[in-house]
Amino acid sequence: MSLINVFRNGDPLLIFAVVFSRMFVVFCCLPFHEVAHGWMAYKMGDSTAKNFGRLSLNPFKHLDLVGTIMIFLFGIGYANPVPVNARNFKNPKKGMALTALAGPVSNLLLAFVSVCFYYILLLFPESTLLLYITMFFKYAAMVNVSLAVFNLFPIPPLDGSKIFAILIPSKIYFRYMKYERYAMIALIVLLFTGLLDTPIGYITSFFMKIISFIPNLLFNLIA
């Protein structure tokens with residue numbers, strides 16, 4: 001849901017939940033996403049991110065202006081990528097793919113934690129404050145899943161393009177990456193026009209059902 005539509009809706013609870021959940025993503029989840037990339041690269045033999053001080057949860061070491069604005073406007077975006085030197089990996093293509101995958105996986109993990117808090121809070125007696133906090137965790141989970149889904153698209157410079165590299169011959173991949181600048185412009189246009197909303201929405205709903213299955217099951221057993 002775009003921020004413009006949220007404010008048009010005029011529901012204070014919805015505005016609070018969306019704005020604060022996106023702040024949570026920008027200042028907590030995006031840094032966690034980038035640290036996950038750097039940590040995976042470090043574990044596989046590349047200390048470039050560590051040497052540049054990027055294995056830090058300090059959000060100001062990771063935020064990208066355009067990517068941050070996109071998060072607030074559309075609920076999906078990106079951070080400043082951590083530096084990675086594929087030559088330090090024993091298998092460069094595999095190393096880059098696993099490093100790229102670590103980011104979206106970290107967001108799915110944070111979404112799962114948010115869903116757990118959401119269902120835990122539903123067990124308590126309802127109050128206005130609790131309702132706001134509960135809705136915050138619900139939207140925090142949804143934004144994290146959307147962020148993971150968005151980053152898995154095989155479009156440069158998103159993580160999915162690096163994961164895609166392991167599936168195709170190197171010659172084709174490097175030819176594909178020559179158009180990274182144009183692909184990013186096209187991606188921003190698709191977001192502004194809303195053409196990605198439907199596929200991202202469907203995939204996000206699918207992942208939300210998966211990560212909510214166990215917490216929802218336990219909630220129904222306890223409640």
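For the numbers below, each heavy atom of this structure counts, side chains included, while hydrogens, waters and symmetry mates do not. Along the sequence shown, the residues carry numbers beginning at 1.
No side-chain donor-acceptor contact under 3.5 Å links Arg54 to the backbone of Gly38. Listed for the Ser21 side chain is a donor-acceptor partner under 3.5 Å among the backbone atoms of Val18.
For His62, there are no ring pair (Phe, Tyr, Trp, His ring centres under 6.0 Å) partners at least two apart in sequence or on another chain. Here Phe150 pairs with nothing under the ring pair (Phe, Tyr, Trp, His ring centres under 6.0 Å) rule; sequence neighbours left out.
The closest side-chain donor-acceptor pair between Asp46 and Thr48 falls under 3.5 angstrom.
For Ala41 against Phe89, the heavy-atom pair with the smallest separation is O-CE2, 3.6 Å. Ser114 approaches Ala140 most closely through the heavy-atom pair OG-CB, 4.0 Å. A pairwise comparison of heavy atoms in Val35 and Ser56 identifies CG2-O, 3.1 Å as the closest pair. Residues Ser106 and Gly103 share a closest heavy-atom pair of OG-O, 2.5 Å. Summarising the geometry of Asn107 relative to Cys29, their closest heavy-atom pair is ND2-O, 3.8 Å, with the distance given to 0.1 Å.
The side-chain heavy atoms of Lys138 and Thr134, taken from C-beta on, include no pair separated by under 4.5 Å. Met96 is not listed as a side-chain neighbour of Ile166, based on a closest heavy-atom distance of 4.5 Å or more. For the pair Phe137 and Ile120, the minimum side-chain heavy-atom distance is 4.5 Å or more. Taking the side chain as every heavy atom from C-beta outward, Pro154 and Ile163 never approach each other to under 4.5 Å. Side-chain atoms of Trp39 and Lys50, non-hydrogen and from C-beta on, never get closer than 4.5 Å to each other. When side chains are defined from C-beta on, Val115 does not count as touching Asn216, because their heavy atoms never get closer than 4.5 Å. At least one side-chain heavy atom of Pro104 sits less than 4.5 Å from a side-chain heavy atom of His33. Leu98 places a side-chain heavy atom less than 4.5 Å from the side chain of Met44.
Taking the six-membered ring for Trp and the full ring otherwise, the centers of Phe16 and Tyr132 sit less than 6.0 Å from each other.
For residues 204-223, the pairs satisfying ring-ring contact (aromatic ring centres under 6.0 Å, His included) are Tyr119-Phe219, with sequence neighbours left out.
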>> Show, in sequence, the C-alpha distance, side-chain angles and deciding distance for Asn88 and Asn85, and conclude whether the side-chain contact (heavy atoms from CB on, under 4.5 Å) test is met.
In response: CA-CA 6 Å; Asn88 291 325; Asn85 188 344; 3.6 Å; yes

>> Could you walk me through whether Val145 and Val149 satisfy the side-chain contact (heavy atoms from CB on, under 4.5 Å) test, starting with their C-alpha distance in whole Å, then the side-chain angles of each, then the deciding distance to 0.1 Å, before giving a yes or no?
In response: CA-CA 6 Å; Val145 174; Val149 170; 4.2 Å; yes

>> Run Ile133 and Leu121 through side-chain contact (heavy atoms from CB on, under 4.5 Å) and show every step you take.
In response: CA-CA 8 Å; Ile133 298 173; Leu121 291 172; 3.7 Å; yes

>> Pair Ser161, Ile155 - check side-chain contact (heavy atoms from CB on, under 4.5 Å), show working.
In response: CA-CA 5 Å; Ser161 65; Ile155 303 173; 5.9 Å; no

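Placement of Val25 and Tyr139 within a single hydrophobic cluster is found when ILVMFWY residues are connected by side-chain heavy-atom separations under 4.5 Å, directly or transitively.
For the side-chain contact (heavy atoms from CB on, under 4.5 Å) criterion with Tyr78, the lone passing option out of Leu63, Ile71, Asp64, Asp159 is Asp64.
More than 12 heavy atoms of other residues, nucleotides or ligands lie within 6.0 Å of CZ in Phe153, so this atom counts as buried by the packing criterion.
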